[in-house]
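Notes for the one structure printed next.
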Number of protein chains: 2
Amino acid sequence: MNLDSETKAVELPEDHGDELRLWLRLLTCTTLIEGAVRGRLRERFDVTLPRFDLMAQLDRAPDGMTLSDVSKRMMVSNGNVTGLVERLVESGHLDRRTLVSDRRVQVIRLTKAGRAEFRKMAAEHETWIADIFSDLTPKDVRDLMRLLAKAKGSAQKAASRRAL
Amino acid sequence: MNLDSETKAVELPEDHGDELRLWLRLLTCTTLIEGAVRGRLRERFDVTLPRFDLMAQLDRAPDGMTLSDVSKRMMVSNGNVTGLVERLVESGHLDRRTLVSDRRVQVIRLTKAGRAEFRKMAAEHETWIADIFSDLTPKDVRDLMRLLAKAKGSAQKAASRRAL
DNA sequence: TTCAATTTCTTTAGGCTTCAAGCAATTGGC
DNA sequence: GCCAATTGCTTGAAGCCTAAAGAAATTGAA
């Protein structure tokens, strides 16, 4: 007779403290790094992190993106993107035009100035990240990549289960 | 003659793409999980994530905390905590009193109702996290804990270097 | 064709967050 | 005691963010 499976069958509270501690540690790491990056972007380039992130998405899409694409990629709400884009168009970093074949759709691109500005920021940004992770060996980095990929997959699966 | 060290000496751009990808993956994981937790807290308990986080800090501190303590622990600004606490006092979850020995200091605690409410939420919250990480083996969890601890240390060291 | 459903984006209300400036209380050097 | 520096918190301005409701354009089934 298997006591463990009996125990599970009656839904006794299980211990998930390790997973909880993992989540808190993950959150701490991200918050820490995010704060450092935010501060440096601000003092060096007077730009906010969301603006930088949006420009990063567009830098990889020379043909532009729709607002919905951006929203999915950045995992933020549509309304959020609307406001963000508005300010970046205003400041001359972004170009926005309505798609002729579907007038609901707005396609946004980096302007020439916006791209130049972003490239300058991105180059420095990369060195900050390297500095932040400088105690990690190449193997640490590989292991983390692999484990985080697995964690991401697990989280996505959980989310899709939830969506049913 | 060592070409590599020559190369470094003239500051040629090094490749830090792996570290950058690691950071993006870390951010993606956190954003994904944070969104899931936020949504569940909202639909199940009609509470926001920052409120939950603040109550979690206080649950571990039966004797209460000062606003500065909370601010450091949560890694958010002082002004942020002021507003958050204000709303939670208003809703009856928190009790706030001025320290007699130093009238600048506010000590906040969970009220009885606040603590009961939090315990209920925390129990469910733990199962959500377990579900989100359910594809990870116990070894994966241990490895991630260890590597993230190392990453956190590295980030903190970088931040303190920066602060000089 | 027609119109209900869907998609894309915007708007609104409310809350979160930062930074910087400011106020009040305390501390420490003189 | 005096007062300059520090500490703890609040305020204000600006921006970020979400959820929900709504407007405009498109699609597709009858």
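Each chain gets a letter, A, B and so on, in the order its sequence line appears, and its residues count up from 1.
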Q | Residues in contact with DNA chain C, drawn from residues 100-109 of chain A - heavy-atom cutoff 4.0 Å | A | Arg104(A), Val105(A), Gln106(A)
(Q) I need the residues from residues 75-85 of chain A with at least one non-hydrogen atom less than 4.0 Å from DNA chain C; give them sorted by number, or say none. (A) Asn78(A), Gly79(A), Thr82(A)
Q | Approximate separation, where rounding is to 0.5 Å, of Leu88(B) CG and Met55(B) CE | A | 6.5 Å
Q) Over how many whole Å does the gap from Arg87(B) atom CZ to dT17(C) atom C1' extend? A) 10 Å
Q.
For Asp18(B), is there an ion pair with Arg142(A) - N to carboxylate O distance below 4.0 angstrom?
A. no
Q. Separation of Arg96(B) atom CZ from dT10(D) atom C1', in whole Å?
A. 9 Å
Q: Would you mind classifying the nucleic acid contact of Thr66(A) as base, sugar-phosphate or nothing, using non-hydrogen atoms under 4.0 angstrom?
A: sugar-phosphate
Q) Are Ser71(A) and Asn78(A) linked by a side-chain donor-acceptor pair shorter than 3.5 Å? A) yes
(Q) Minimum heavy-atom separation for Phe133(A) and Glu19(B), please, with both atom names. (A) CE1-O, 3.7 Å
Q.
Closer than 4.0 angstrom, basic N to acidic O: yes or no for Lys150(A) and Asp135(B)?
A. no
Q. Taking it one step at a time, do Phe52(B) and Phe118(B) satisfy ring pair (Phe, Tyr, Trp, His ring centres under 6.0 Å)?
A. CA-CA 7 Å; Phe52(B) 178 80; Phe118(B) 173 74; 5.3 Å; yes
Q | Euclidean distance, atom CD of residue Glu90(A) to atom C1' of dA14(D) [Å, nearest integer] | A | 15 Å
Q: Could you note down all residue pairs passing salt bridge (charged side-chain N to carboxylate O under 4.0 Å, His left out) where residues 66-91 of chain B supplies at least one of them, sequence neighbours left out?
A: none
Q: For DNA chain D, write out the stems as range with range, using runs of 3 or more consecutive Watson-Crick or G-U pairs with both distances under 3.5 Å.
A: C:1-30 with D:1-30
(Q) Applying a strict under-4.5 Å side-chain criterion to I, L, V, M, F, W and Y, I'd like to know whether Val107(B) and Leu84(B) cluster together. (A) no
**Q.** Interface with DNA chain C, restricted to residues 25-51 of chain A and to heavy atoms under 4.0 Å
**A.** Arg42(A)
Q) Which distance, rounded to the nearest 0.5 Å, do you find between the CG of Leu24(B) and the OG1 of Thr28(B)? A) 6.5 Å
Q) Atom CD of Glu86(B) to atom P of dG12(D): distance rounded to whole Å? A) 11 Å
Q. For Leu99(A) and dT27(D), what is the distance between atoms CG and C1' respectively, to the nearest whole Å?
A. 16 Å
Q: Using whole Å, report how far CG of Asp53(A) lies from C1' of dC16(D).
A: 12 Å
Q: May I ask you to decide if Ile132(B)'s main-chain N or O and Ser154(A)'s side chain share a donor-acceptor pair within less than 3.5 Å?
A: yes
Q) Considering residues at least two apart in sequence or located in another chain, which fulfil the side chain to side chain donor-acceptor pair (under 3.5 Å) criterion with Thr137(B)? A) Asp140(B)
Q: Indicate if Val76(B) and Leu32(A) have the same hydrophobic cluster label, given that clusters are the connected sets of ILVMFWY residues with side-chain heavy-atom separations under 4.5 angstrom.
A: no
Q | Separation between CG of Leu58(A) and CE of Met65(A), rounded to the nearest 0.5 Å | A | 6.5 Å
